[in-house]
Amino acid sequence: MVFPSIEFAIFFPIVLALSWALMPWPRVWKPFILVASYGFYAAASPRYCLLLAAITIANQLGAVGVHRAASERARKWIVGVTVAFDLAVLGVFKYYGFFTDEIGGFLDSIGLGMPLPLLTLALPIGLSFITFQAISYTVDVKRGLLPPTRMLDFAVYLSFFPHVVAGPIVRAREFLPQLAKPRDPRKVAVGAGVVLILLGLIKKVVLADVLARQVVDPVFGVPLAYAGPDVWLAAYAYAAQIYCDFSGYTDIAIGIALLTGFIFPQNFNSPYRATSFGDFWRRWHITLSRFLRDFLYIPLGGNRGGRWRTARNLMITMVLGGLWHGAAWGFVLWGTVHGAALVAEHQWRYWRARADAQPDSPGAAVVRVVGRLFAPAWVRWAVVFNVVVFAWVLFRAESLTLAGDFFGQLFVSGPATLWTPVTVAAVAIVIGFQLLPERPLERLRVAVANLPAPALGLALTVVVALVGATVPGDGVPPFIYFQF
Amino acid sequence: MAEPDPPHDTFAVPDPPPGRSGRARDALLVVWMAVVLLVAFQGGAVRAGAEELAPGVGRDIVEAVGGPTGWIADRLPFAEPTDDVLARLETASGPAAAPAGGGDGGGGELTLLVTGDSLAMPLDTELARRFAGSEVAVERDAHVGTGISKSGLVDWSQLSRRQVRRFDPGATVVFIGANEGFPLPRVGGGGQVQCCGAEWQAAYAERVRELIETYRRDGAARVYWLTVPMPRDGARQEITRAVNAAVEAAAEEVGDGVEVIDLVEPFTPGGEYRDAIEVDGRERIVRESDGIHLNGDGAAVAADLVEEAVARDRGDG
């Protein structure tokens with residue numbers, strides 16, 4: 001079930017009303033919200049509910065086992081087995097097809113043309129988000145950061161319908177305390193929740209889907225059919241589309257959670273205003289960035305152990321982060337580009353520090369010249385933004401061949417057939433709004449959030465109706481991040 | 001990402017967003033007010049939306065809700081003016097037309113429309129790649145999740161007329177049939193017929209014939225209709241056989257201007273499903289893991305057949 005759908009429009013008002021009606025009685029509310037969340041998830045396929053239940057049981061057993069284990073060795077083993085189970089589930093469903101194709105292709109190329117058996121393994125929706133949250137729970141219990149909770153609470157945490165299909169990746173330590181006592185019906189962030197839902201709907205259905213239909217899908221489908229001006233537009237349009245698509249989804253998810261009384265962490269913070277790659281990753285998909293940091297980068301050694309180990313750890317983290325998005329070489333390359341950029345930033349900081357310490361060394365003069373070149377914030381922004389935009393091409397293209405075609409067409413002269421007022425305005429609005437000063441926008445958002453409930457209801461009606469009008473006959477295209 | 005792990009209390013319950021706190025009843029008021037207003041102004045959309053859903057519990061629920069909401073909206077005077085306003089917005093957000101002449105800015109001599117359901121999607125890209133820069137301008141207009149036997153918001157009869165008006169195609173490639181098997185009105189009236197007997201095939205063929213006539217444009221354009229290779233799933237195979245038989249019958253009835261390009265024999269010889277076939281002397285996987293769609297290599301094989309047919313009809317082959 002997707003948020004902008006008729007099914008959800010029927011599901012949510014009923015669940016919201018019953019949820020608040022039952023909230024004072026946790027023994028009734030928790031089973032209710034669990035059943036509602038499984039019902040929401042089952043709309044994609046009822047079979048996936050069994051997998052969700054299996055992940056829940058395995059990780060709860062692991063967490064309880066870790067908590068009760070007497071020795072550190074036993075605790076490590078239990079966590080290892082539990083995390084291996086989670087990764088195996090992810091590996092089979094997400095990467096089986098990729099490795100089958102690659103190995104089959106390799107065997108074929110050396111004359112052993114024996115295609116490996118294909119299996120119909122559709123990726124259960126939201127599986128990556130579910131397994132990451134499950135891993136965070138078990139590992140945090142092992143680290144002593146939280147005690148194991150009751151099975152019912154853990155099941156509610158993992159399946160809670162606002163975040164089950166595409167995040168944000170809410171850590172157990174953020175969510176479980178909110179289950180400890182009923183949410184206070186006198187302290188609900190109604191205005192903020194409605195504003196997020198409105199923004200999310202506009203971002204996804206109006207901006208992202210219009211850009212996809214009018215620019216991105218045609219050009220990325222057949223780059224060779226378009227000349228440079230359209231291909232440049234498509235690159236920036238995709239940067240705008242993926243931001244609106246994913247941040248739009250999480251805005252709606254966070255808004256819906258707020259209306260039900262729960263608070264989720266922020267997932268996006270104007271990522272295209274970043275002036276360094278580290279800054280970008282503190283603004284883009286924040287909950288994934290911190291998961292990768294806490295469960296991969298730091299366990300690998302983080303920035304302890306010198307420049308080269310830091311560079312290695314950054315590259316491993318970003319390449320695996322790329323691979324997390326999907327089993328394709330484009331994602332691996334995309335992660336590699338970001339990893340290399342982060343390594344370059346670290347190296348630059350090292351050179352700067354050395355130049356400050358040894359100002360008379362020959363290298364110091366070069367560092368000072370380059371430093372002056374990149375001193376203005378707008379230069380750093382332009383470099384980071386454009387690298388991010390063109391790295392997205394690797395992420396979006398259906399194959400490396402098509403990505404190559406795309407880059408090749410950038411410098412082919414020809415007409416600008418897709419530059420319409422609608423497409424150009426959509427790109428400019430999405431990117432331009434992120435560059436505006438933050439405080440006036442925040443004040444505007446708070447002013448709208450503080451409107452009385454009937455005005456918010458009217459605004460929601462108008463936006464839902466307008467959004468419905470821009471949906472094509474065959475429905476809202478799936479959110480990009482559903483596939484991850 | 002290089003900063004050390006933050007202190008643990010960073011991951012306590014996040015702060016609520018800025019803004020005044022409300023009450024749970026305000027949340028319910030906002031949501032239910034929107035529901036009531038939307039039912040009054042757009043209640044018919046729920047009923048129409050149900051027709052687009054695949055059969056199952058979800059569709060049953062939406063149908064059960066859509067009946068009363070549609071009934072209410074029908075009796076109120078708001079639906080028509082609202083639809084007029086919203087239709088203007090829908091037009092403004094429609095898909096963009098591809099550049100003519102393969103992006104070279106010149107006018108292509110032939111506009112080739114490639115359409116259908118999700119089956120058409122790897123094929124349309126492959127054909128557009130092959131014809132890029134040639135005198136054939138490829139327009140891609142696939143409609144995922146739709147079907148000829150699946151009416152509702154996407155009615156292929158209406159859609160085909162809109163496509164002809166918009167793209168002005170000199171030839172059309174149709175590859176559709178992944179979402180069929182829905183009941184159809186019996187030819188000559190008298191209720192609905194279930195898939196996949198002779199009556200259903202006749203009803204389906206009638207719809208296919210109507211589409212072919214639309215795309216043929218009174219003989220001014222060519223139509224290439226691709227049959228559907230057998231899917232892996234047994235239940236789907238029965239539907240696919242009925243769809244293919246209906247397509248053959250409709251094309252035979254129309255006669256001139258339409259060519260059925262058979263994909264059953266090349267991909268599933270003898271009607272037997274297989275993942276891989278021999279391509280250029282080597283065994284290659286040509287199907288997606290769902291056992292329905294063609295993958296990139298499969299689309300290339302289908303594109304060979306389409307390209308050959310187009311070249312033959314243009315006198316290039």
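Predicted model, so just to flag it, every value in this text is computed and none were measured. Labels below follow one simple rule: chain letters A, B, ... track the order of the sequence lines, proteins then strands, and each chain is numbered from 1.
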Please flag which part of [X] lies under 4.5 Å from any non-hydrogen atom of chain B: side chain, backbone, both or neither.
{"X": "A/Leu458", "value": "both"}
{"X": "A/Phe264", "value": "backbone"}
{"X": "A/Ile263", "value": "both"}
{"X": "A/Pro454", "value": "both"}
{"X": "A/Leu451", "value": "backbone"}
{"X": "A/Glu442", "value": "side chain"}

Taking [X] for the side chain and [Y] for the main chain, is one N or O donor matched with an acceptor at less than 3.5 Å?
{"X": "A/Gln409", "Y": "A/Tyr226", "answer": "yes"}
{"X": "B/Trp32", "Y": "A/Pro13", "answer": "yes"}
{"X": "A/Ser289", "Y": "A/Arg282", "answer": "no"}

Option that, when pairs with chain B are counted at under 4.5 Å, heavy atom only, ranks first among A/Asn450, A/Asp405, A/Leu259, A/Val446: A/Asn450
Whether over 12 other heavy atoms sit under 6.0 Å from A/Met23 CE: yes
Within 6.0 Å of CZ in A/Arg445, more than 12 heavy atoms from elsewhere: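 Open: at most 12 neighbouring heavy atoms sit under 6.0 Å from CZ of A/Arg445.
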Side-chain donor-acceptor pairs under 3.5 Å in residues 183-196 of chain A, sequence neighbours left out?
{"residue": "A/Arg183", "atom": "NE", "partner": "A/Gly261", "partner atom": "O", "Å": "2.8"}
{"residue": "A/Arg183", "atom": "NH1", "partner": "A/Gln178", "partner atom": "O", "Å": "3.2"}
{"residue": "A/Asp184", "atom": "OD1", "partner": "A/Arg186", "partner atom": "N", "Å": "2.9"}
{"residue": "A/Asp184", "atom": "OD1", "partner": "A/Arg186", "partner atom": "NE", "Å": "3.1"}
{"residue": "A/Asp184", "atom": "OD2", "partner": "A/Arg186", "partner atom": "NH2", "Å": "3.2"}

Residue, of B/Ala24, B/Ala128, B/Ala27, that accumulates the most heavy atom pairs under 4.5 Å with chain A: B/Ala24
Under 4.5 Å from a heavy atom of chain A, the part of B/Leu38 involved: both
Aromatic plane relationship, A/Phe175 with A/Phe262 - under 30° parallel, 30 to 60° tilted, over 60° perpendicular: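 Rings of A/Phe262 and A/Phe175: parallel, as their planes differ by under 30°.
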